[in-house]
Every structure is written in C-alpha cells, then in structure tokens.
Amino acid sequence: MRRRADQRGVALLLVLWACTLLAVVLGGYAVLARTQALQVHYQFAQTRAHYAAEAGVIRAIYAVQDPVATRRWVGDGRVYPFRFDDAAVSVTVTDEGGKVDLNAASPEVLKGLFHAGGLDATAAAKLAAHVVDWRSFPRIGGDNAAERADYVAAGRDYGPRHGPFASLQELQLVLGMTPALYRRIEPDITLWSGLSVPDPNTAPPLALAAIPGLDPQQLQALKAARERNSREAAPAIGGGITHSIRSEAVLADGTRAVIRATVRSRVGGMGAQPYVILGWQEGDGE
C-alpha cells in the first residue's frame with residue numbers, strides 16, 4: 001500500500017516537474033515572440049521614418065529649382081517643415097556657394113575660418129598654409145621634402161597629398177587640424193563651390209566671419225538684411241546650383257531618421273536627370 005502511495009507521489013512530482021518545464025519553455029517562446037514582434041515593429045517604424053526623410057530630400061531638390069519664385073526654397077539654412085503621412089519632417093538647405101571651398105578658398109579666407117573656429121591668428125595662419133600645401137601640386141624646385149619632414153616630426157607616416165582634397169574628412173589629416181576644430185567648421189566647408197570667397201548672402205556663421213574685408217558694422221548690416229529677407233514671402237536671395245540638404249523625420253512614437261545629401265541641379269538638358277547626387281549620408285554622422 002505504501003509502495004503504491006510512493007509511486008503515486010513520484011508520478012505526481014514528475015507531472016509537476018514536466019508542467020513547470022513546459023511553462024518555462026512556453027514562457028521563453030512568448031518572450032522570444034514578443035522580442036521579435038518588437039524588432040519587426042522597430043524596423044518597420046525605422047523604414048517609415050527613413051522614407052519620410054528621403055521624401056524631404058526629394059522635395060528640397062525640386063523646391064530649390066521651382067520656377068515660381070514665391071514657392072522656391074532658399075539655401076540659407078532656414079528650416080522648412082512639412083508633414084509626410086504621420087511624420088513631421090524638417091528640412092534645411094544650404095547653398096554650397098556660401099561655404100568655404102577647401103580646394104578654392106584663398107589663404108586669407110582659410111585663415112579667417114580657422115580663426116573664427118577658435119584658433120589664434122598665428123595658429124590659424126599656419127594651418128591655412130598647411131591646407132594650401134596639401135592641395136597644391138608639388139612645386140618645382142620647392143622644398144617639398146621639408147614639408148613632409150614636418151609631418152614626420154609630428155609623428156605622421158605621410159606628408160601632404162599635393163593634390164585637391166577628395167573629401168571633407170581628408171582635412172583631418174592636415175597638420176595642425178584637431179578633431180574639435182574640425183567638428184566646429186565641418187558645416188561651413190565644401191568641395192563644390194569653386195569660389196575663392198564664400199557668397200555672403202548664404203554663408204553660414206563661420207564662413208561669413210571668414211570673408212575678408214567685412215568690418216563688424218558691415219557684418220551686422222548683412223545679418224540684418226538676411227533676417228529681413230527670411231521673413232519675406234518671396235525671398236530676394238539668388239540660388240546656386242549645388243546645395244547641402246539635411247532632412248529629419250520624426251514619427252509620432254519618436255522614431256527618428258536623418259538624411260544628409262549634397263545635390264547639384266542640372267540646368268537645361270532635355271530628358272536628362274534634373275539633378276545629380278554628389279554625397280549621401282544616413283544619420284547625423286556625429
């Protein structure tokens with residue numbers, strides 16, 4: 001009798017243990033299923049935000065070329081907000097002509113940019129000279145070996161490229177450039193304007209401060225004129241053909257996507273693509 005009771009007790013324990021194990025397994029599957037569902041939801045939301053940000057880029061491309069002046073977007077960094085489905089999209093457009101071109105800017109402009117970025121006058125002039133050396137072709141009879149020696153003395157295993165900058169990030173290789181200074185000036189530099197001096201009508205703050213010959217009164221008057229212009233229905237600023245665009249989309253649940261693009265408009269050319277993408281970056285890159 002006792003033996004049967006013991007057997008029933010063991011059987012009951014086995015059943016309880018099996019039920020517990022089954023509950024753990026089912027609970028694990030439930031957690032896994034919920035995790036996968038959350039991942040799918042996040043990926044779907046991220047995709048929706050991405051395409052909303054992409055819509056902002058496309059809208060900006062056509063808005064800067066709009067033949068109706070009152071609808072045309074201006075590349076002076078102002079924010080253009082709009083709704084795309086249930087996403088809030090904010091787009092800024094900056095005319096590359098207002099930035100400092102690393103391959104074309106005069107030494108005075110480069111010095112002014114680095115000084116506005118925080119260097120003292122002596123260090124700014126020295127860094128400007130290094131930038132000019134980097135982008136310039138080797139000088140016949142020049143002291144090119146001495147330039148490389150400066151880099152070696154600073155612990156670098158390379159010297160100046162002696163050719164045009166191929167990317168903005170390449171500026172970080174130039175002797176005297178620091179990560180902190182690069183972060184400050186990166187929004188104000190370009191490779192696409194071809195101008196020795198930035199266009200003051202669309203120049204962002206540091207590029208505007210880099211323009212030689214502008215005294216404080218002239219700078220203040222220029223800023224005031226740009227402020228007045230930003231409130232006009234039909235802005236008076238003429239537009240260039242190359243723009244940097246930053247488009248940020250935020251969904252109702254807070255999902256966010258950012259696209260940064262550099263775009264050049266093509267004037268004329270029947271049947272041709274009306275623009276060409278020069279650069280494309282997803283995320284802020286910070």
Side-chain angles (χ1 to χ4, degrees), residues 52-84 87-101 104-105 109 112-113 116 168 185-211 214 218-250 257-269 273-281 284-285:
E54 194 169 289
V57 174
I58 299 301
R59 180 167 181 179
I61 290 172
Y62 285 96
V64 297
Q65 305 177 69
D66 198 311
V68 180
T70 55
R71 295 198 305 253
R72 190 177 305 141
W73 288 11
V74 179
D76 62 353
R78 70 185 69 180
V79 178
Y80 290 94
F82 66 95
R83 301 289 304 183
F84 182 83
V89 183
S90 299
V91 183
T92 58
V93 182
T94 304
D95 191 326
E96 293 291 285
K99 298 182 180 183
V100 174
D101 191 313
V109 168
L113 175 67
L168 297 181
I185 67 172
E186 191 271 337
D188 295 64
I189 57 178
T190 184
L191 302 177
W192 307 110
S193 78
L195 301 175
S196 60
V197 178
D199 180 355
N201 290 312
T202 57
L206 295 183
L208 184 62
I211 298 175
L214 289 179
Q218 291 173 315
L219 278 174
Q220 190 60 37
L222 185 57
K223 290 177 181 178
R226 287 174 56 168
E227 180 64 25
R228 288 193 304 271
N229 183 76
S230 69
R231 296 192 295 267
E232 294 178 3
I237 296 176
I241 63 170
T242 307
H243 299 85
S244 55
I245 300 168
R246 182 185 184 276
S247 177
E248 177 178 350
V250 181
V258 176
I259 294 177
R260 301 169 69 187
T262 304
V263 181
R264 173 166 291 168
S265 303
R266 285 177 170 171
V267 181
Q273 178 80 356
Y275 61 88
V276 58
I277 303 292
L278 302 175
W280 186 276
Q281 176 182 316
D284 273 328

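Taking both residues in full, the closest heavy atoms of P204 and P187 are given as CG-O, 4.3 Å, listed atom of the first, atom of the second, then distance. Closest approach of P198 to G98, counting heavy atoms only: CB-O, 3.3 Å. The two residues A104 and G194 make their nearest non-hydrogen contact at CB-C, 3.7 Å. For the residue pair A52 and A87, the shortest heavy atom distance occurs at CB-CB, 3.7 Å. The shortest heavy-atom contact between A60 and V93 is CB-CG2, 3.9 Å. Heavy-atom minimum distance, V100 versus A105: CG1-CB, 3.6 Å.
Between E54 and W280, the closest side-chain pair of non-hydrogen atoms falls below 4.5 Å. Counting heavy atoms from C-beta outward, V74 and Y80 have side chains that approach closer than 4.5 Å. Within the 4.5 Å cutoff, no side-chain heavy atoms of D101 are placed close to those of L195. In this structure, L206 and L113 have side chains that are in contact, with non-hydrogen atoms separated by less than 4.5 Å. Side-chain contact between Y62 and D66 is absent, with no heavy atoms from C-beta onward closer than 4.5 Å. Side-chain contact between I58 and Y275 is present, with at least one heavy-atom pair separated by less than 4.5 Å. I245 places a side-chain heavy atom less than 4.5 Å from the side chain of V91.
One finds the OG1 atom of T262 at 7.5 Å from the CH2 atom of W192 (value rounded to the nearest 0.5 Å). Rounded to the nearest 0.5 Å, atoms CZ (R264) and OG1 (T242) are 3.5 Å apart. R266 CZ to Q65 CD: the interatomic distance, rounded to the nearest 0.5 Å, is 11.0 Å.
In terms of modelled atom types and a separation under 3.5 Å, the side chain of R59 and the main chain of F82 share no donor-acceptor contact. The backbone N or O of G97 sits nowhere less than 3.5 Å from a side-chain atom of D199 that would complete a donor-acceptor pair.
Legend: residues meeting side chain to side chain contact (heavy atoms under 4.5 Å, CB included) with T94, ordered by chain and number and at least two apart, are K99, S244.
At most 12 non-hydrogen atoms from other residues, nucleotides or ligands lie less than 6.0 angstrom from CD of Q220.
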Which is it for L168 and L191 under the side chain to side chain contact (heavy atoms under 4.5 Å, CB included) test, yes or no, and what are the steps along the way? CA-CA 7 Å; L168 297 181; L191 302 177; 3.8 Å; yes
V89 vs S247, test: side chain to side chain contact (heavy atoms under 4.5 Å, CB included). Steps then yes/no. CA-CA 7 Å; V89 183; S247 177; 3.7 Å; yes
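Between H243 and the choices T92, T202, D95, the side-chain contact (heavy atoms from CB on, under 4.5 Å) rule is met once, by D95.
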